[in-house]
Novice: 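Dropping the structure in here first, questions after.
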There are 2 protein chains.
Amino acid sequence: MTIRSADAERVRNISFFKQADDPTFARAMTGAFLQRFPANTTLLMEGDPVDFLYILLEGAVELGAGWKSKDTTLAILRPVSTFILAAVVLESDSLMSAVTLERSEILMVPGDSLRRSMKEDATFGFAVSEELAGCYRGLVRSIKNHKLRDSTERLANYLLTQRVRQGEKNTIVLPHEKRVLAALLGMTPENLSRAFSKLSDKGVSVEGAHVRFDNVAALERLARPTPLIDNHYAQDCNTKGKAFTERQQGLLDTKSD
Amino acid sequence: MTIRSADAERVRNISFFKQADDPTFARAMTGAFLQRFPANTTLLMEGDPVDFLYILLEGAVELGAGWKSKDTTLAILRPVSTFILAAVVLESDSLMSAVTLERSEILMVPGDSLRRSMKEDATFGFAVSEELAGCYRGLVRSIKNHKLRDSTERLANYLLTQRVRQGEKNTIVLPHEKRVLAALLGMTPENLSRAFSKLSDKGVSVEGAHVRFDNVAALERLARPTPLIDNHYAQDCNTKGKAFTERQQGLLDTKSD
DNA sequence: CGTTTAGTTGAGCATGCTCAACGGTCGTGG
DNA sequence: CCACGACCGTTGAGCATGCTCAACTAAACG
C-alpha cells in the first residue's frame, strides 16, 4: 500500500468516503498513490482523458479553461478537496485544466476502483451522488454570484464569507495572493484594487494580506449575502445537517469538479 | 397508478431510468403523478424545499434566479428533461426558480422514492450519478461559453449547434422566441438583434424564426466550436458511446438541474 | 545593489446595458 | 371587416462596468 495511514485517515474524512464501510473504502483505494508536485505544475489539460480521481491533501490547485487565446479561472481548491469527479464517473475527457499554485500533495485514486465501488455498494454510490450534487449546487451558486453581482459586490460578499470562516473577528487575512483572488472573483488585479478602495466607504481597510472591518453593518448592507448564493450564510438551511456535502466552490472558493 | 403506460415508456427512455430494472423502476415511481400546467406558471421558487423530482414531458420550462431586483435565466428546458435532481438528492432547498414558458406536462416523482431506489439498487444509483455528472459538466460548459466568448460568438455557436441538431441543412428554425433565446444566451433582446446583424457578414440571414446560412465556413471561422464547450461537436469524444448521459444545458440549452 | 514581481493608479477603450422611439403582427372587439 | 391595443422585434443614443496598456512604487531575492 502506497499511502500512509495518516493520509488514509484524512481522506476518509471527506464527505463521501466517510460513509463507506471498511471493505468498500479499501477497494475504492485499490491502486491509489500519493504524489507531490512543485508549484505551477500542470496536472491535467483540457481535453485530456481522466484516469484518476484527484484528492488535494496539501497545497492549492487552480482549475481553469481556455478558448481562442483567452483563459479563465473556474475555481481555486484548498485541502481537502476532490476534483475531476464528474469526468471520472463518466469516463470522459476533462473539461478543465488543473495547475498547482503551490507545492502540493495529491492522492490519486484510479477511476476504475472508484466506479467499481460505486456499482458494488449502493450506500457508497449514494454518497458519491451527494458529493456530485453538492458540486453541482456549488457551480449554480457560482454562476448566480457572477451574473447577478458586480465586482464590488462579489468582493464584499467574499470578505464577509471569509470573516465568518475565520471566526467573526474584525480582521481577516486573505488566504491567496491578490492576483489569485482577482481571478477567483472574475476580475483583473487592477479592478480588484479599485474594488477594495470603493469599499473603504464601508469601513474596509487593507494592508497587505490583512483586512480590517470597521463597519460590518454597512458592508452587509452593500453585500446582501444570502444562503441562496453564499453557502456560509446557510444557518439551518440544509435540512438534515448535511451541510458538509455542500461546499462553496468556484468563484466562491475551494471544492470542485 | 396515476401515470399512463405511454408516459412511463417515455420516462424510461431518459438516461438514468433506462438502466433500472423493472422492480427498481416501479419502486422509484411510487407515488409519482403527472400534472399539466398552463404557460407562465411558477412551479418552484428559489429557497423552496424540494419534495419532487420534476420530469418535463411536454412544453418548456425556464430555470432562473434573482438577487436584489436583478434576475437571470440559467437554463431553458425542453422535453424530455429532469430538473432539480441535485436538490432532491441532498433533500435541500432549491437554488433556482422554475417557470413554465408554455403549457407543459410534468411528471412529479417523490424525492423519497428516488432516494430509496438509489440506496437499494447500486446500478440505478450509479446511473443517477452519471446523470448528475452530466449535469455538472453541462454547467461547466455553460460557464466556459459565457466567460470565454462574447455575445456574438455565443450566438454563432448556438446557431451552428442548432444546425447540427436539425440535420446540417442550410436553414434552421429557431426553437424559441427571440426574447427567450436572448435570455438563454445571456444578453438583452436588443443585443441579440445587433448580434444577428453582425453575423450577416458571415452569410447569416434571418426572417422571423427562420435562419439561412450562406457561408458556413466563415461562420465556423468566427465561432470556432469545440467539444470542450459545445457538446455536439463531440465526434467520438466520450469514451464509451455514453454521449447520451451528457446533454447540453444552461446557456447551451435543455437538460438541467 | 540591481532585478524581478506584486500591487496600485490613471487614461482610454470596448462590450453590453438602459431608455426611448418606431414598425409589424396578431388577436380582440366594435 | 376594420380599428384598436398589446406585444415582439429592431434601431439609435447615451451610459456603465470592466478591460487594456502604461507608468510607477514597494517589497523580495539574488
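Throughout, a chain's letter reflects where its sequence line sits, starting with A, and its residues are numbered from 1. Since we're looking at a predicted model, the values are computed, not measured.
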Novice: Indicate yes or no for a side-chain donor-acceptor contact from T161(B) to the backbone of N157(B) under 3.5 Å, with no hydrogens or angles considered.
Specialist: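 Yes; judged by distance alone, with no hydrogens or angles, the pair exists.
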
Novice: Find which nucleotide of DNA chain D each of R194(B) and V180(B) is nearest to by heavy atoms, and output the residue with the more 5' nucleotide.
Specialist: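 Nearest-nucleotide comparison on DNA chain D picks V180(B).
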
Novice: Please state how far atom CG in N191(A) lies from atom P in dG7(C), giving the value in whole angstrom units.
Specialist: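 Going from N191(A) (CG) to dG7(C) (P), I get 15 Å.
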
Novice: Kindly write out the residues that satisfy ring-ring contact (aromatic ring centres under 6.0 Å, His included) with F213(A), not counting sequence neighbours, or none if the list is empty.
Specialist: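 Once residues adjacent in sequence are excluded, F213(A) has no partner under the ring-ring contact (aromatic ring centres under 6.0 Å, His included) criterion.
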
Novice: Without hydrogens or angle criteria, can the side chains of N13(A) and R10(A) be said to hold a donor-acceptor pair below 3.5 Å?
Specialist: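 No, no side-chain donor-acceptor contact under 3.5 Å.
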
Novice: Mind checking E190(A) for me? I need base, sugar-phosphate or nothing, with any heavy atom below 4.0 Å counting as a touch.
Specialist: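 Base, at least one base heavy atom under 4.0 Å.
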
Novice: Scan residues 196-209 of chain B against DNA chain C and write down, sorted by residue number, each residue with any heavy atom closer than 4.0 Å; if none is found, say none.
Specialist: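 Heavy-atom cutoff 4.0 Å gives no residues at all.
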
Novice: So, do F33(A) and F52(A) have ring centers that fall under 6.0 Å from each other?
Specialist: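 Yes: the rings meet the under 6.0 Å criterion.
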
Novice: What residues, two or more places apart in sequence or in another chain, satisfy salt bridge (Lys or Arg N to Asp or Glu O under 4.0 Å) together with R103(A)?
Specialist: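 R103(A) satisfies salt bridge (Lys or Arg N to Asp or Glu O under 4.0 Å) with no residue once adjacent residues are dropped.
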
Novice: Between which nucleotides of DNA chain D, 5' to 3', does chain B make heavy-atom contacts below 4.0 Å?
Specialist: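 Taking any atom under 4.0 Å from a heavy atom of chain B, the span is dC8(D) to dA13(D).
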
Novice: Salt-bridge test for R78(A) and E102(A): reply yes if a basic N is under 4.0 Å from a carboxylate O, no otherwise.
Specialist: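 The answer is yes: the pair qualifies as a salt bridge.
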
Novice: Just jot down the salt bridge (Lys or Arg N to Asp or Glu O under 4.0 Å) partners of E177(B), sequence neighbours excluded, or say none.
Specialist: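 For E177(B), no residue satisfies salt bridge (Lys or Arg N to Asp or Glu O under 4.0 Å) once neighbours in sequence are set aside.
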
Novice: In terms of side-chain geometry, is the basic nitrogen of D150(B) or K70(A) positioned less than 4.0 Å from the acidic oxygen of its partner?
Specialist: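 Salt bridge absent between D150(B) and K70(A).
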
Novice: Starting from the first five and the last five pairs of the helix from dC1(C)-dG30(D) to dC22(C)-dG9(D), work out the angle between the resulting helix axes, to 10 degrees.
Specialist: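 For the helix from dC1(C)-dG30(D) to dC22(C)-dG9(D), the axes at opposite ends meet at about 30°.
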
Novice: Under 4.0 Å between a Lys/Arg side-chain N and an Asp/Glu carboxylate O for K202(B) and E220(B)?
Specialist: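 Salt bridge absent between K202(B) and E220(B).
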
Novice: If you compare all heavy atoms of L222(B) against all heavy atoms of A156(B), which two are closest, and at what distance to 0.1 Å?
Specialist: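 Taking L222(B) first and A156(B) second, the nearest heavy atoms are CD2-CB, 4.1 Å.
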
